[in-house]
Student: 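Can you keep this structure in mind? I'll have questions shortly.
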Amino acid sequence: MPELPEVEVTRLGIAPAVTGWRATGAVTRVGGLRYPLPDDLGRRLAGQVLREVRRRGKYLLLHFDEGRLLLHLGMSGSLRLLPAGTPAARHDHVDLLFGKVLLRLTDPRRFGSLLWLPPEPAGHPLLDVLGIEPLEAAFTGRWLHAALRGRRGPVKPAIMDSHLVVGIGNIYASESLFRAGIDPRRAAGRISGQRCDRLADAVRATLNEAIAAGGSSLKDFIGSDGGKGWFQQSHFVYGRAGEPCRACGGPVRQVRQAGRATFFCPRCQR
DNA sequence: CTGGTCACCTGGAAGC
DNA sequence: TGCTTCCAGGTGACCA
C-alpha cells in the first residue's frame, strides 16, 4: 500500500493512540520479513514507553526509551491498531502489545522490514543513504534542478530514486509528472530550472493531497480496515492506459521504465 | 557514478 | 472449472 502518503497517514493514525503508552510485549508469527526479525522482540520492548512515532521517507520510526523500531511496509504491508486479543489472520506477522491495544503488522508479500536500532543519534545504513524529504522546505525546484544535473536517464526513475528524494513511489511519480506537464521519458538532466520548479510543486501538491485524502479516513485505523479508502482514489494517469486523459481527452499511454509501469499523456506531457 | 535487471513473496486477474 | 501466466504500491544487490 505504501508510498509516502500512506506511510504518513499510518503514522498520523497510530501516533495519537499509542504515543506515551508502555509496551507490554510483542508476538511474532514469522521468522523474518525482508530481514530476520529482532531477537526476543517482546522481551526487549516490554516496559518501554513509546515516546514518538516519526517518519523518514517510507520508513516509520517508533522511538522507545532504549531504542527505535525501524519499520517499512514494503509493497503490501499495513499497520493497524486493534483491541488486545483480536485473533490473528494469515499474514498477520507481528503484534506490538500495549496492554489494551496492539499494533498489528500485516504483510502478505513480506517485502517489509522491522529492525531494532539504538537510540539517536546512532545512524543505520538503511537510513543514512536516504535523500531529501519532498515535503520539507529544502525540497525546491532549484534543489531538484541541481540534483538532476548530469543525469542522462529518464526523469521518472530519477525522481523515484530514494537516494535523491524519498517517498515518491510508482504511482505518484507518474501523477506528479502529469501535473507538471513533463514527459516521463525526458532525460532528467535536461529539464529546465523553471520546469523543475513546476515538478517540485507538483510532487508536493500530489503528496499533500494524497495525505489529506487518506487522512479523512483516519478513524479506520481503530477498527478492522486499515486505510481502505486510499487505493480507491482517482488518479490522473496511473492505471488508466487507453482511457481518456482528464485534461485533453486523448488516450493515456503506458510504457515500461526500469521495470515499472509508467503512465502519461503524450499530449499534455512534453 | 549511472542506470538497468533481478530477486524477494503472495495473491488476484486475465488468458486459454 | 482449472491451470498458466502476468502483474502489483519497494528496494537492495548485482552487473555493464
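Naming convention: chains lettered A, B, ... in sequence-line order (proteins, then strands); numbering from 1 in each chain. Only heavy atoms go into these numbers, but all of them, side chains included; no hydrogens, no water, no symmetry mates.
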Student: Under the side chain to side chain contact (heavy atoms under 4.5 Å, CB included) test, which residues partner Trp21(A), sequence neighbours left out?
Tutor: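 Here the qualifying residues are Phe98(A), Lys100(A), Val101(A).
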Student: Compare the minimum distances between each of dG10(C), dG12(C), dA8(C) and the side chain of Lys58(A), then state the nucleotide with the smallest one.
Tutor: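 Looking only at side-chain atoms, Lys58(A) lies closest to dG10(C).
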Student: Expressed in angstrom and rounded to an integer, what is the separation of Leu71(A) atom CG from dT11(C) atom P?
Tutor: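 Leu71(A) atom CG is separated from dT11(C) atom P by 13 Å.
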Student: Planes under 30° and centres closer than 5.5 Å, is that true for Phe111(A) with the base of dC8(B)?
Tutor: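 The ring of Phe111(A) is stacked on dC8(B).
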Student: Supply the members, apart from Leu115(A), of the Ile/Leu/Val/Met/Phe/Trp/Tyr cluster built from side-chain contacts under 4.5 Å; use none for a lone residue.
Tutor: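 Hydrophobic cluster check, Leu115(A): joined to Tyr35(A), Tyr59(A), Leu61(A), Leu70(A), Leu117(A), Leu126(A), Leu127(A), Leu130(A), Val166(A).
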Student: Output every pair passing side-chain hydrogen bond (donor to acceptor under 3.5 Å, both in side chains) with a member in residues 173-184 of chain A, not counting sequence neighbours, ordered by first then second residue.
Tutor: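 Sorted pair list: Arg179(A)-Glu209(A), Asp183(A)-Arg185(A).
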Student: One character per nucleotide, please: for nucleotides 1-7 of chain B, 5' to 3', B when the base has a protein heavy atom closer than 4.0 Å, S when only the sugar-phosphate does, - otherwise.
Tutor: --SSB--
Student: Would you indicate, yes or no, if dA8(C) has its OP1 or OP2 atom less than 4.0 angstrom from a side-chain nitrogen or oxygen of Arg260(A)?
Tutor: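 Answer is no, no contact under 4.0 Å.
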Student: Filter on side-chain hydrogen bond (donor to acceptor under 3.5 Å, both in side chains), then keep only pairs touching residues 250-259 of chain A, sequence neighbours left out; what's left?
Tutor: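 Passing the test, one end in residues 250-259 of chain A: Gln257(A)-Thr262(A).
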Student: What about Arg109(A): does its side chain form a donor-acceptor pair under 3.5 Å with the base of dC9(B)?
Tutor: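 A donor-acceptor contact between them is present.
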Student: With clusters defined by side-chain heavy atoms of hydrophobic residues (ILVMFWY) lying less than 4.5 Å apart, directly or transitively, does Val255(A) cluster with Ile168(A)?
Tutor: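 Unlinked, Ile168(A) and Val255(A) end up in two clusters.
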Student: Applying side chain to side chain contact (heavy atoms under 4.5 Å, CB included), can you list everything that pairs with Thr28(A), at least two apart in sequence or on another chain?
Tutor: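 Here the qualifying residues are Leu37(A), Leu41(A), Val94(A).
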Student: Should His91(A) be listed as having a side-chain N or O under 4.0 Å from OP1 or OP2 of dG11(B)?
Tutor: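 Answer is yes, contact under 4.0 Å.
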Student: Looking at His72(A), I'd like to know whether one of its side-chain N or O atoms comes within less than 4.0 Å of OP1 or OP2 on dT11(C).
Tutor: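 Affirmative; the distance criterion is met.
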Student: Rounded to the Å, how far apart are Phe263(A) CZ and dC7(C) P?
Tutor: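 Interatomic distance, CZ of Phe263(A) to P of dC7(C): 11 Å.
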Student: Just how far, in rounded Å, is P of dT11(C) from CG of Leu130(A)?
Tutor: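 Result: 9 Å.
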Student: Tell me who clusters with Val49(A), hydrophobic residues only, linked when side chains sit under 4.5 Å apart either directly or through other members.
Tutor: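 ILVMFWY cluster around Val49(A) holds nothing else.
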Student: Hey, where does DNA chain B pair up into stems, meaning at least three consecutive Watson-Crick or G-U pairs with distances under 3.5 Å?
Tutor: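 DNA chain B stems, ordered by first number: B:2-8 with C:10-16, B:10-16 with C:2-8.
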Student: Picking from dG12(C), dG10(C), dA8(C), which would you name as closest to the side chain of Tyr35(A)?
Tutor: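 My answer, after comparing the listed nucleotides, is dG12(C).
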Student: Can you name the salt bridge (Lys or Arg N to Asp or Glu O under 4.0 Å) partners of Glu66(A), sequence neighbours left out?
Tutor: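 Salt bridge (Lys or Arg N to Asp or Glu O under 4.0 Å) list for Glu66(A), sorted by chain: empty.
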Student: For nucleotides dC9(B) and dC14(C), find the distance between their P atoms and express it as a whole number of Å.
Tutor: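 The same atom, P, in both gives a distance of 16 Å.
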Student: Within this structure, what is the CG-to-C1' distance between Leu73(A) and dG10(C), rounded to whole angstrom?
Tutor: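 Going from CG in Leu73(A) over to C1' in dG10(C) covers 11 Å.
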Student: What residues form a side chain to side chain contact (heavy atoms under 4.5 Å, CB included) with Ala247(A), not counting sequence neighbours?
Tutor: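 Partners of Ala247(A) under the side chain to side chain contact (heavy atoms under 4.5 Å, CB included) test: Phe178(A), Cys245(A), Cys268(A).
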Student: To the nearest Å, how far apart are Tyr59(A) OH and dG10(C) P?
Tutor: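 Nearest whole value for this atom pair: 12 Å.
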Student: Nearest 0.5 Å please: distance from the CG atom of Leu79(A) over to the CZ atom of Arg104(A).
Tutor: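 Answer rounded to 0.5 Å: 11.0 Å.
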Student: Could I get a table of every N or O pair under 3.5 Å where one atom is in the protein and the other is in nucleotides 12-14 of chain B?
Tutor:
none

Student: Starting at CG of Leu127(A) and ending at P of dT11(C), how long is that distance when rounded to a whole Å?
Tutor: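 Value for this atom pair: 12 Å.
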Student: Using salt bridge (Lys or Arg N to Asp or Glu O under 4.0 Å) as the criterion, list what pairs up with Arg195(A), not counting sequence neighbours.
Tutor: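 Here no residue qualifies.
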Student: As a test of reading the structure: which of dA8(C), dG12(C), dT10(B) is closest to the side chain of Arg90(A), going by heavy atoms?
Tutor: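 Comparing dA8(C), dG12(C), dT10(B) against the side chain of Arg90(A), the answer is dT10(B).
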Student: Between atom CG in Asn170(A) and atom P in dA8(C), what is the gap in whole Å?
Tutor: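 Rounded to whole Å, this separation is 8 Å.
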Student: Could you state the NE2-C1' distance from His163(A) to dG10(C), rounded to the nearest angstrom?
Tutor: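 After rounding, the gap between these two atoms is 12 Å.
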Student: Are there over 12 heavy-atom neighbours, none belonging to Asp128(A), within less than 6.0 Å of that residue's CG?
Tutor: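 Above 12, so yes.
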